[in-house]
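Note sheet for the following structure.
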Number of protein chains: 2
Amino acid sequence: MATVNLRDVATLAGVSVGSVSNVLNRPGTVSQDVSQRVLSAIDTLGYVRNDAARQLRAGRSRCIGLVVLDIANPFFSDLVRGAERRAAEENLTVLLGDTEEDPARERVYIDLFAEQRVYGLLVSPLGEAMPRLRALKKQGLSTVLMDWHTEDHQFSSVAVDNVAGGKLAVDHLLEMGRTRIAFVGGPHSIRQVSDRFEGARKAVAQHPGATLEVIDTQSLTVLQGREAGHRISQRKAAARPDAIFAANDLLALGVLQAFNLSGRISVPNDIALIGYDDIDFAAAAMVPLSSVKQPSTEIGHTAVDLLLREVAAETDFEPERIVFQPELVIRDSTSAQH
Amino acid sequence: MATVNLRDVATLAGVSVGSVSNVLNRPGTVSQDVSQRVLSAIDTLGYVRNDAARQLRAGRSRCIGLVVLDIANPFFSDLVRGAERRAAEENLTVLLGDTEEDPARERVYIDLFAEQRVYGLLVSPLGEAMPRLRALKKQGLSTVLMDWHTEDHQFSSVAVDNVAGGKLAVDHLLEMGRTRIAFVGGPHSIRQVSDRFEGARKAVAQHPGATLEVIDTQSLTVLQGREAGHRISQRKAAARPDAIFAANDLLALGVLQAFNLSGRISVPNDIALIGYDDIDFAAAAMVPLSSVKQPSTEIGHTAVDLLLREVAAETDFEPERIVFQPELVIRDSTSAQH
DNA sequence: CCATTGTGTTGAATCGTTTCACCATTAAGC
DNA sequence: GCTTAATGGTGAAACGATTCAACACAATGG
């Protein structure tokens, strides 16, 4: 299966390889006649351009590498969507790598994209990747961080203020008269988790008499939420929190499922529940879920914008840092008084 | 920013490019001394391998291209997960393209992956892509179809019997005593939609007195479901169906949201509702949603298996066709009698 | 001491496309 | 008819990693 290449096309069309290339890349500069012959040769041979050779020459590809923590999380799928749309406008394609919150997989994807000489990289990193990203930046790989930023302002970034979001959520719970707050989430090595927790801590600290408990999870999935909810429902009623702030909606929905399954705990009467991200499914939940809304599509969109600016700037580019503000969305899961 | 290449590394280490390549690709054949010098040179220069050059020589990349209709759909994110895991075992990486059900975007991704000379392609195609895929197959691009198959058995495929699934769903609705069935879904150009509808049609045809109405949607999203639900709730009560089979869970959840918002329609008392895919959120919905379950992770997993087999076979490979059976999951949204 | 074997290393050819300086041909201008 | 300009087309030189025949050198055996 010798693959068809430019030379084959050129031979069949009776022209030089240079002309074939011109037909493909500078249609203006080529005569009708040649153009026709070449196109028909391409057609009969079924020629498919070899991107590797093309890139080798060009030095850089027209693909953007996008590395996310979890595509099963609607927050990220919306983000991806925003990024893809913006990229498409610039005739760029987005290649997606899903790490499932695994640092090893993250590293694999970052290195892969670097070796592919992608146009640029969008990453929502786990902490461990930062040194590698710094090294790659020196080699000319532009990277925009999502939901992460560095103190030294070396990277452009677009994020939502997760600390503010966490505070919003827990302030709301406290306002509704809850005092025994539990934070469900983990691992804390994930920036989003620790920041949201930090916001929760702040809120509780300002509120005398309120307590904050941490219920750890191994990841931010429905399954882990179900598990955490199950653990809580096993406790004696007096030992349970009266409000839960889950690090994201998937966890919150899992908790809700577990409570419902147990039949012992009513949301919000026994325990108020608030999530994070305001995914589509939050509003459709058994008990419509209060949440903290992030402009996910806009984040993806903006990240591509920053990347384009950085790549265009070539040299001495001053990284930009954009921070969106989260927004509280109140639904039934936190409304009732108790 | 002249990027560092093998020659630079070789020069610094004081060896030939061949040796550097050996250090990277055949560690056994190289002396301690050279290996050490090369590795430290790589380190100090921050050398990153150029995959384009590498592939150009190798002829094929170690990436699998995966093209899906909608990563926001949990069915597909689970499928992706299954594929990624299996691929990782073979030291292959999955690159993901999301088409949002748009034939143009689908074509872009298929061509891109073809030009990148990916190891193989996994596609859940819209119909229009098939001629292109056939042409690419001739050029040596192995493709496994997901949720699609061709009559001529030219392609390996892994699918779930969507007709059977649709029939399962509607048979269940009929058994529960419903007779005025509505199918919510679209566009019918998507195979999954038309097959599930076909199943529904069959079920209704076998049941004298039952009627089937089609309520079209533009895509398979929560938003479109909400819209369809809204249209239904606007009708006079008598003109409404007494059961809805939605082409997937996203639509069903959207319908549910709309009904709940309107306050006029109770599920399942007024209208029974069943979805398709049994995504995680179905069980956590306002009214736990009946659904038809597909082994999504397994589909992804199996698709990679078939691809590996096909690529390994090199020549005169007999395409395999694997069909999973769907499974009915009954929850509250279809349980109550009326 | 030579032949043989083995171990490491080298350099050039190769992959397929793009680019660009240069050649051919024709058209226009005087 | 000769010069100049314009238009199309050409071919060879990159791009950077891999591979492999060929070579250098040392060790072993006769």
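A note on names: the letters A, B, ... follow the listed sequences, proteins ahead of strands, and every chain is numbered from 1.
- Near DNA chain C, defined here as any heavy-atom distance below 4.0 Å, the residues from residues 46-57 of chain B are L56(B), R57(B), listed numerically.
- Counting only residues at least two apart or on different chains, the side-chain hydrogen bond (donor to acceptor under 3.5 Å, both in side chains) pairs with a member in residues 20-31 of chain B are S21(B)-N25(B), N22(B)-R26(B), N25(B)-R49(B), N25(B)-R54(B).
- The residue V20(B) sits apart from the nucleic acid: no heavy atom pair falls under 4.0 Å.
- Under the 4.0 Å criterion applied to side-chain N and carboxylate O atoms, D98(B) and R81(A) are assigned as salt-bridge partners.
- Looking only at distances, no side-chain donor or acceptor of S157(A) sits under 3.5 Å from a matching main-chain atom of M146(A).
- Between the side chain of R62(A) and the backbone N or O of E90(A) there is at least one donor-acceptor pair closer than 3.5 Å.
- Distances shorter than 4.0 Å separate none of the side-chain N or O atoms of S31(B) from OP1 or OP2 on dG8(C).
- In summary, E100(B) and R85(A) engage in a salt bridge, as defined by a charged side-chain N under 4.0 Å from a carboxylate O.
- Residue S35(B) is the one, among R117(B) and S35(B), whose nearest nucleotide of DNA chain C lies closer to the 5' end (criterion: closest heavy atom).
- The nearest whole Å value for the distance from the CG atom in D33(B) to the C1' atom in dT7(C) is 14 Å.
- Listed for the Q55(A) side chain is no donor-acceptor partner under 3.5 Å among the backbone atoms of R117(A).
- Here dT18(C) presents its C1' atom at 16 Å from CZ of R62(A), a figure rounded to the nearest Å.
- Protein chain A contacts DNA chain D over a range whose 5' and 3' limits, counting nucleotides with an atom under 4.0 angstrom from a non-hydrogen atom, are dG8(D) to dG16(D).
- Electrostatic pairing of K137(B) and E310(B) counts as a salt bridge here, judged by a charged N lying under 4.0 Å from a carboxylate O.
- Atom NE2 of H301(A) and atom CD of E89(A) lie 5.5 Å apart (nearest 0.5 Å).
- As rounded to whole Å, 12 Å separates atom P of dT19(C) from atom CG of L6(A).
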